[in-house]
Colleague: 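Can you keep this structure in mind? I'll have questions shortly.
Numbered from 1 within each chain, the chains take letters A, B, ... in sequence-line order.
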Amino acid sequence: MHDKTLAELAAGLKQGEFSSEELTRHFVDRIEARDDRYNAFITPTPERALEQARAADRRIAEGNAGPLTGLPLAHKDIFCTRGVKTSCGSKMLDNFVSPYDATVVEKLAEAGMVTLGKTNMDEFAMGSSNETSYYGPVKNPWDESKVPGGSSGGSAAAVAARLAPAATGTDTGGSIRQPAALTGLTGFKPTYGRVSRYGMIAFASSLDQAGTLTISAEDAALMTQAMAGFDERDSTSAQESVPDYLAALGQDIKGLKIGVPPEFFDEGLDADTRKAVDDALDVYRQLGAEIREVHLPHLDLSVPTYYVVAPAECSSNLSRFDGVRFGYRCENPKDLLDLYERSRGEGFGAEVKRRVMTGTYVLSAGYYDAYYLQAQKTRKLIRDDFLKAFEEVDVLMGPTTPTPAFGIGEKTDDPITMYLNDIYTIAVNLAGLPAVSVPAGLVGGLPVGLQIIGNFFDEGRLLNVAHQFQQQTDWHRRLPEGIE
Amino acid sequence: MSLSPDDVRHIAHLARLRIEEQDIQEYAGNLSRIVDFVDQLGKADTDAVTPMAHPLEMAQRLRDDVVTEENHRDEYQQNAPATEAGLYLVPRVIE
């Protein structure tokens, strides 16, 4: 039962092959029996899940079910969930029980989805390996000595090990696509503003976007259909109507114009990963797509631009954690300044402190113009490169990551080495575009991803392009050893 | 550009972060590496470029100035480290 996609499980529920309670019990038992190995969950919520499943079964019996009713999922612990601990992977929020639901949580619950629990993540989503979590690293189900990627590493490991059939994630610089690539999943980040950020604990507000980690592109379409749409509670929510994403699947892609930027194929790209991407491009050629070279001349500026913009926004966003209204407070503060400084110094981990300080520095008097303002200019150059490319082509393709999953502890000594792991995904967030990573092969037994980038609000076409690849290949159905 | 231990102490204070004295050197090293790395942005020719405000050029939405939120004080204060009579408690600030 656990190797089925959401679409397949939905068919099973509809045909009465199993109830939502049986389905949910199956995943609850798997989490209970297996998650000790992966550490994918911070807070499993089995009782709540079974209660939601019984409600879903009643809805199905009454004939009020939607396409997602009764299907289980896991939420990244960045999404506020009413009455449930919402930690964001931080000691700072270890004692925080959210008094409200994030819009994403609310919408998926209204659609009838069942929440299995809250997944592990890099602290405040700052990391590319899930090693900055207060709750310890997550292990990659494909090789437990490797990282699952990050920051949505718990969500990725949970789905890869089939402890959940799907999960939510958030993507600020690659935090859905990179872990999806490293664990053999389909990771989808919609256009900036497409899915509400309300109740999604903020890291860098001009870059953050919620999305999905699923087995297939079809599943991503199913979930995104329920998650997307205008929300007045998010001041940057896009006022665009949501098309029928499922209806877009199945369209012929003959004549599709695919742009391949040589800048994605630099000397840092592992040769076997490159081969997997080349093979994927051949699949598209056989489907009648036309592949041409396009250039993103400012791509090399994207990682440094990101490491000014994102820390600047994070230093501002994380000022709300002050030890006064919620979250961690230090013992015996001697005065108010001591309370602020020690609550934050003790409540945040090292990577979060580095980014808060980097952000404080680039925004501080005398440095603002040289760093923050300059980064907003280089960000414009990067965005404009994409706009120009999309005048010529429908989608862009390249690798999601330079290499397959790396070892736990391998890149923790030097922050820059870790940052460069997101070199192919970061520019997409700076430009606000939608993108998906699809499993494109195995390198030394580890999955690698093909990244497909679409134009603004062109999610339907993007998901169909991914879906067509998955009709021709079975990389997305491969399982790690021992998952059966 | 290299950041000194004193720079780190100053930035940490601006950010209201207590950094333990034995960790200052390591932060100085790491932050210097990060600042060196982002310094390459200075080489980009941006004289004619307007800084980007929003990737999709969207303007901030306005709403009518009416009350939309109900009072949730008691519920919210359940997450607070210390409260009394509906107020958040902090160490004395006025002697």
Colleague: Do Lys334(A) and Pro91(B) come close enough that some side-chain heavy atom pair is under 4.5 Å?
Modeller: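 Sidechains of Pro91(B) and Lys334(A): no contact.
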
Colleague: Using heavy-atom distances under 4.5 Å, tell me whether Leu31(B) contacts chain A through its side chain, its backbone, both, or neither.
Modeller: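 The side chain, not the backbone.
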
Colleague: Under a 4.5 Å cutoff for heavy-atom pairs, which residue among Ser237(A), Gly345(A), Gly359(A), Ala375(A) has the most contacts with chain B?
Modeller: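 Ranked by contacts with chain B, first place is Gly345(A).
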
Colleague: Quick one: CD1 on Ile34(B) to CG on Asp414(A), what's the gap to the nearest 0.5 Å?
Modeller: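 Spacing of CD1 (Ile34(B)) from CG (Asp414(A)) equals 8.5 Å.
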
Colleague: Does any heavy atom of chain B fall under 4.5 Å from the side chain of Asn332(A), the backbone, both, or neither of them?
Modeller: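 Neither; nothing under 4.5 Å.
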
Colleague: At a 4.5 Å cut-off on heavy atoms, which part of Asp369(A) comes close to chain B: side chain, backbone, both, or neither?
Modeller: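 Contact with chain B is absent: no heavy atom of Asp369(A) under 4.5 Å.
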
Colleague: Look up atom CZ in Arg18(B) and atom SG in Cys330(A), then write down how far apart they are to the nearest 0.5 Å.
Modeller: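 Nearest 0.5 Å value for the CZ-SG distance: 8.0 Å.
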
Colleague: Using the side chain to side chain donor-acceptor pair (under 3.5 Å) rule, collect all pairs that involve residues 21-32 of chain B, keeping only residues at least two apart or in two chains.
Modeller: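 Sorted result for residues 21-32 of chain B: Arg9(B)-Glu21(B).
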
Colleague: Under a 4.5 Å heavy-atom cut-off, does chain B meet the side chain of Leu336(A), its backbone, both or neither?
Modeller: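 Looking at Leu336(A), backbone and side chain both touch chain B.
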
Colleague: Please classify the contact of Glu232(A) with chain B as side chain, backbone, both or neither, using a heavy-atom distance under 4.5 Å.
Modeller: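 Both parts, heavy atoms under 4.5 Å.
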
Colleague: Side chains of Lys380(A) and Thr50(B): closer than 4.5 Å at any heavy-atom pair?
Modeller: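 Yes, close enough: below the 4.5 Å cut-off.
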
Colleague: Go through the atoms of Asp7(B) and report whether side chain, backbone, both or neither lie under 4.5 Å from a heavy atom of chain A.
Modeller: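 No part of it gets close to chain A.
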
Colleague: Is it the side chain or the backbone of Ile11(B) that comes within 4.5 Å of chain A heavy atoms, both, or neither?
Modeller: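 For Ile11(B), heavy atoms of backbone and side chain both lie under 4.5 Å from chain A.
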
Colleague: Heavy-atom pairs under 4.5 Å with chain B - which of Ser235(A), Gly347(A), Gly327(A) has more of them than the others?
Modeller: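 Answer, by heavy-atom pair count under 4.5 Å with chain B: Ser235(A).
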
Colleague: Can you tell if the side chain of Arg379(A) reaches within under 4.5 Å of the side chain of Pro55(B), non-hydrogen atoms only?
Modeller: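 Yes, side chains in contact.
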
Colleague: Carefully, step by step, assess Thr191(A) and Leu56(B) under the rule side-chain contact (heavy atoms from CB on, under 4.5 Å).
Modeller: CA-CA 10 Å; Thr191(A) 307; Leu56(B) 288 82; 4.1 Å; yes

Colleague: Under a 4.5 Å heavy-atom cut-off, does chain B meet the side chain of Ala431(A), its backbone, both or neither?
Modeller: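 Backbone only.
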
Colleague: Is chain B contacted by the side chain of Leu93(A), its backbone, both, or neither, given a heavy-atom distance below 4.5 Å?
Modeller: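 Neither part, no heavy atoms under 4.5 Å.
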
Colleague: Is chain B contacted by the side chain of Val303(A), its backbone, both, or neither, given a heavy-atom distance below 4.5 Å?
Modeller: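 For Val303(A), heavy atoms of backbone and side chain both lie under 4.5 Å from chain B.
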
Colleague: So, does Asn79(B) use its side chain to make a donor-acceptor pair with the main chain of Arg325(A) at under 3.5 Å?
Modeller: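 Side chain of Asn79(B) to backbone of Arg325(A), a donor-acceptor pair under 3.5 Å: no, none is there.
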
Colleague: Is any side-chain heavy atom of Leu337(A) less than 4.5 Å from a side-chain heavy atom of Arg16(B)?
Modeller: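 They are in contact (side-chain heavy atoms under 4.5 Å apart), so the answer is yes.
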
Colleague: Evaluate the side-chain proximity of Glu57(B) to Arg383(A): yes if any heavy-atom separation is below 4.5 Å, no if none is.
Modeller: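 Side-chain contact under 4.5 Å: yes.
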
Colleague: Gln374(A) versus Thr46(B): any side-chain heavy-atom pair under 4.5 Å?
Modeller: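 The answer is yes, as the side chains (C-beta and beyond) meet within the 4.5 Å cut-off.
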
Colleague: Does any backbone or side-chain atom of Phe348(A) lie under 4.5 Å from a heavy atom of chain B? Answer side chain, backbone, both or neither.
Modeller: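 Looking at Phe348(A), just its side chain touches chain B.
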
Colleague: Give, for atom OG1 of Thr305(A) and atom CG of Leu41(B), the distance between the pair rounded to the nearest 0.5 Å.
Modeller: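 The OG1 atom of Thr305(A) sits 4.5 Å away from the CG atom of Leu41(B).
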
Colleague: Give the interface residues of residues 315-324 of chain A toward chain B, defined by a heavy-atom separation under 4.5 Å.
Modeller: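 The residues closer than 4.5 Å to chain B, in numerical order, are Gly323(A), Val324(A).
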
Colleague: Could you work out, with ring pair (Phe, Tyr, Trp, His ring centres under 6.0 Å) as the rule, every residue matching Phe456(A), not counting sequence neighbours?
Modeller: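 Scan of Phe456(A) (ring pair (Phe, Tyr, Trp, His ring centres under 6.0 Å), adjacent residues dropped) gives none.
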
Colleague: With the side chain counted from C-beta on, respond yes when Tyr340(A) and Val90(B) share a heavy-atom pair under 4.5 Å apart, and no when they do not.
Modeller: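 When only atoms from C-beta onward are counted, Val90(B) and Tyr340(A) do not touch, as no gap falls below 4.5 Å.
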
Colleague: Side chain, backbone, both or neither: which part of His13(B) has a heavy atom under 4.5 Å from chain A?
Modeller: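 Both backbone and side chain.
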
Colleague: Heavy-atom cut-off 4.5 Å, strictly under: side chain, backbone, both or neither for Phe386(A) against chain B?
Modeller: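 For Phe386(A), no heavy atom lies under 4.5 Å from chain B.
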
Colleague: I need the Asp36(B) CG to Ile416(A) CD1 distance, nearest 0.5 Å.
Modeller: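 If we round to the nearest 0.5 Å, Asp36(B):CG and Ile416(A):CD1 are 8.5 Å apart.
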
Colleague: Measuring heavy-atom distances to chain B, does Tyr306(A) have an atom under 4.5 Å in its side chain, in its backbone, in both, or in neither?
Modeller: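 Contact with chain B involves no heavy atom of Tyr306(A) at all.
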
Colleague: So which part of Leu3(B) gets closer than 4.5 Å to some heavy atom of chain A, the side chain, the backbone, both or neither?
Modeller: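 Looking at Leu3(B), just its side chain touches chain A.
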
Colleague: So which part of Tyr419(A) gets closer than 4.5 Å to some heavy atom of chain B, the side chain, the backbone, both or neither?
Modeller: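 For Tyr419(A), the contact with chain B is made by the side chain alone.
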
Colleague: Using every non-hydrogen atom in the two residues, find where Arg344(A) and Leu17(B) come nearest and quote the distance to one decimal.
Modeller: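 That closest heavy-atom pairing would be CB-CD2, 3.7 Å.
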
Colleague: Which value, rounded to the nearest 0.5 Å, describes the distance between Asp234(A) atom CG and Arg61(B) atom CZ?
Modeller: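 Here the interatomic distance stands at 7.0 Å.
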
Colleague: Checking an interface table here. Which of residues 68-76 of chain B come within a heavy-atom distance under 4.5 Å of chain A?
Modeller: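 The residues closer than 4.5 Å to chain A, in numerical order, are Glu75(B), Tyr76(B).
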
